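Here the structure is a predicted model, which means the values were calculated and not measured.
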Amino acid sequence: MALLERSGVPAPGSPVLVIALDGWIDAGFAAATAAAALLEAVPTEVYGTFDSEQLVDYRARRPRLRIDDGVRGPIVYSDARLLVGSDRLGNGLALLIGPEPDYRWRAFSDEVSSLAVELGARLVVGLG
């Protein structure tokens, strides 16, 4: 079963792939802060979403439920997503955000490596 469901178009040109996963690897929230700054500066669209059922331990990382004025909202599961876009100069960006995997690290790493090749990434930067 595939880990990544593609749903968008790839980033233009040879993008820089930035990986900013949250969890233990980002204990000081440096990666999350840098990713938030990139998201503010570069308009992005979802290129693909990783299957969290295969990667995340929901006993350790519970999904979120928001309740407003006594009304239960939807359950929100954290999925790793690949967002793509380009900056004001037209340089491509691919940003992988979401929870670091609890399971299947090797398959996840292989998928991310294949993604970098598929996108023609000129540089891969891991934050955290």
As a quick check of understanding, evaluate side chain to side chain contact (heavy atoms under 4.5 Å, CB included) for Arg66 and Val76, giving each step before the final call.
CA-CA 8 Å; Arg66 186 177 180 122; Val76 178; over 6 Å; no

Minimum side-chain heavy-atom gap [X]-[Y] below 4.5 Å:
{"X": "Ser78", "Y": "Arg64", "value": "yes"}
{"X": "Asp102", "Y": "Leu55", "value": "no"}
{"X": "Ile97", "Y": "Leu83", "value": "yes"}
{"X": "Ser7", "Y": "Tyr47", "value": "no"}

What's the spacing between [X] [atom1] and [Y] [atom2] if we round to 0.5 Å?
{"X": "Ile75", "Y": "Arg72", "atom1": "CD1", "atom2": "CZ", "result": "5.0 Å"}
{"X": "Gln54", "Y": "Phe108", "atom1": "CD", "atom2": "CZ", "result": "12.0 Å"}
{"X": "Ser52", "Y": "Arg61", "atom1": "OG", "atom2": "CZ", "result": "10.0 Å"}
{"X": "Ser14", "Y": "Leu123", "atom1": "OG", "atom2": "CG", "result": "11.0 Å"}
{"X": "Asp22", "Y": "Leu127", "atom1": "CG", "atom2": "CG", "result": "12.0 Å"}
{"X": "Leu82", "Y": "Phe50", "atom1": "CG", "atom2": "CZ", "result": "7.0 Å"}

If hydrophobic clusters are built from ILVMFWY residues whose side chains come within less than 4.5 Å, do [X] and [Y] share one?
{"X": "Val84", "Y": "Leu3", "value": "yes"}
{"X": "Val46", "Y": "Val42", "value": "yes"}
{"X": "Leu96", "Y": "Leu4", "value": "yes"}
{"X": "Val56", "Y": "Val112", "value": "yes"}

Electrostatic pair Arg6:Glu45 at N-O distance under 4.0 angstrom:
no

Specify the closest pair of heavy atoms between Ala31 and Ala20, including all atoms of both residues, with the distance to one decimal.
O-CB, 3.8 Å

For Asp51 and Ala2, work out which heavy atoms get closest and say how close.
CB-O, 4.4 Å

Classify the side-chain pair Asp79/Thr49 by whether it contains a donor and acceptor separated by less than 3.5 Å.
no

Val124 pairs by side chain to side chain contact (heavy atoms under 4.5 Å, CB included) with which of Leu119, Leu115, Leu17, Val18?
Leu17

With a cut-off of 6.0 Å (strictly less than), are more than 12 heavy atoms of other residues, nucleotides or ligands near CZ of Arg81?
no

Just wondering, more than 12 heavy atoms not from Glu5 lying within 6.0 Å of its CD?
no

Just do the side chain to side chain contact (heavy atoms under 4.5 Å, CB included) check on Asn91 and Arg122 with the steps written out, would you?
CA-CA 11 Å; Asn91 299 306; Arg122 69 178 183 273; 4.3 Å; yes

From CA spacing to verdict: side chain to side chain contact (heavy atoms under 4.5 Å, CB included), Tyr103, Asp57:
CA-CA 7 Å; Tyr103 306 117; Asp57 178 3; 3.3 Å; yes

Asp68 side chain to Val71 backbone, donor-acceptor under 3.5 Å:
no

